[in-house]
Amino acid sequence: QVQLVESGGGSVQTGGSLRLSCAASGRAFGSYTMAWFRQAPGKEREFAATISQSSSATIYANSVKGRFIISRDNAKNTVYLQMNSLKPEDTAVYYCAGRVRGGLGQTASLYDYWGQGTQVTVSS
């Protein structure tokens, strides 16, 4: 069983930055595709970014492209989401997710493991 624990959320003003971290337990982290999703109040969970096992490939949602950067450190069993130029519409609970099978995916149902989420609030 893999456990994912997010950290780094908080409250910032428009234009600010935050760096989210997701620490994974277990020895197979390097074999997982990892992703970040987010869920705003009253809305469905939506894809934000995903990264391949070796960091060779990434995909971003159009809403965050050019502002967010996903990265990972397999030696530390950690995936990151650097969020810049934050907007009020980025306010959400952010979840990291892990997929045992290879291949980047933008659909939540493709992912096998989930963290508990971390709140990000952007005020205008």
Side-chain angles (χ1 to χ4, degrees):
Q1 186 73 13
V2 174
Q3 290 187 329
L4 303 175
V5 180
E6 302 97 334
S7 62
S11 297
V12 296
Q13 292 188 331
T14 298
S17 297
L18 283 173
R19 188 194 196 201
L20 306 183
S21 299
C22 173
S25 64
R27 300 180 180 180
F29 176 79
S31 66
Y32 299 152
T33 295
M34 298 299 296
W36 288 94
F37 287 77
R38 65 186 185 182
Q39 188 166 17
K43 295 187 177 181
E44 293 186 353
R45 191 169 299 190
E46 66 172 9
F47 167 77
T50 184
I51 187 168
S52 63
Q53 296 94 322
S54 64
S55 302
S56 60
T58 56
I59 298 176
Y60 296 92
N62 287 335
S63 58
V64 307
K65 194 175 297 182
R67 299 187 299 121
F68 290 11
I69 300 172
I70 188 171
S71 62
R72 65 190 296 165
D73 185 336
N74 289 342
K76 295 183 178 179
N77 279 15
T78 303
V79 61
Y80 305 97
L81 187 67
Q82 177 67 44
M83 306 186 296
N84 302 318
S85 301
L86 283 162
K87 306 174 182 179
E89 51 263 44
D90 295 317
T91 295
V93 176
Y94 283 71
Y95 298 89
C96 74
R99 184 184 186 196
V100 175
R101 290 186 176 184
L104 302 178
Q106 302 179 45
T107 304
S109 61
L110 295 173
Y111 289 83
D112 304 290
Y113 302 108
W114 291 85
Q116 83 289 347
T118 186
Q119 177 70 47
V120 171
T121 302
V122 184
S123 59
S124 57

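Applying the side-chain hydrogen bond (donor to acceptor under 3.5 Å, both in side chains) test to pairs two or more places apart or on separate chains, those with a residue in residues 68-78 are R72-N74. Within the structure, ring pair (Phe, Tyr, Trp, His ring centres under 6.0 Å) pairs that include any residue of residues 47-94 comprise F37-F47 (at least two apart or interchain). Residue pairs satisfying the disulfide (SG to SG under 2.5 Å) criterion with at least one member in residues 26-90, sequence neighbours excluded, are absent. Residue pairs meeting the disulfide (SG to SG under 2.5 Å) criterion with at least one member in residues 33-92: none, sequence neighbours excluded. Judged as a salt bridge (charged side-chain N to carboxylate O under 4.0 Å, His left out), the pairs with a partner in residues 25-44 (not counting sequence neighbours) are, in order, R38-E46, R38-D90. Applying the salt bridge (charged side-chain N to carboxylate O under 4.0 Å, His left out) test to pairs two or more places apart or on separate chains, none has a residue in residues 95-123.
Nearest heavy-atom pair across G115 and Y95 is O-CD2, 3.6 Å. The two residues L81 and A49 come nearest to each other via the heavy atoms CD1-CB, 4.3 Å. Summarising the geometry of V100 relative to Y113, their closest heavy-atom pair is CG2-CE1, 3.6 Å, with the distance given to 0.1 Å. Nearest heavy-atom pair, Y111 versus G105, reported as atom, atom and distance to 0.1 Å: OH-O, 2.7 Å.
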Side chain to side chain contact (heavy atoms under 4.5 Å, CB included) evaluation trace for F29 with V2
CA-CA 9 Å; F29 176 79; V2 174; over 6 Å; no
Determine, step by step, whether V122 and Q13 satisfy the side chain to side chain contact (heavy atoms under 4.5 Å, CB included) criterion, reporting the C-alpha distance in whole Å, the side-chain angles of both residues, the deciding distance to 0.1 Å, and the verdict.
CA-CA 5 Å; V122 184; Q13 292 188 331; over 6 Å; no
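Residues satisfying the side chain to side chain contact (heavy atoms under 4.5 Å, CB included) test with S109, not counting sequence neighbours, are T107. Residues that satisfy the side chain to side chain donor-acceptor pair (under 3.5 Å) test with S54, not counting sequence neighbours, are S56. Under the side chain to side chain contact (heavy atoms under 4.5 Å, CB included) criterion, T121 pairs with S11, T91, Q119, sequence neighbours left out. Looking at residues two or more places apart in sequence or on another chain, you find a side chain to side chain contact (heavy atoms under 4.5 Å, CB included) between S85 and R67. A search for side chain to side chain donor-acceptor pair (under 3.5 Å) contacts involving T58 returns nothing, not counting sequence neighbours.
For the pair W36 and M83, the minimum side-chain heavy-atom distance is 4.5 Å or more.
Listed for the E6 side chain is a donor-acceptor partner under 3.5 Å among the backbone atoms of G117. In this structure, T50 contributes its side chain and M34 its backbone to a donor-acceptor pair below 3.5 Å.
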Show which side-chain atoms of residues 15-26 pair as donor or acceptor with protein atoms under 3.5 Å away, not counting sequence neighbours.
residue, atom, partner, partner atom, Å
S17, OG, N84, OD1, 3.0
S25, OG, Q3, N, 2.9

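The OG1 atom of T14 lies 10.0 Å from the NZ atom of K87; values are rounded to the nearest 0.5 Å.
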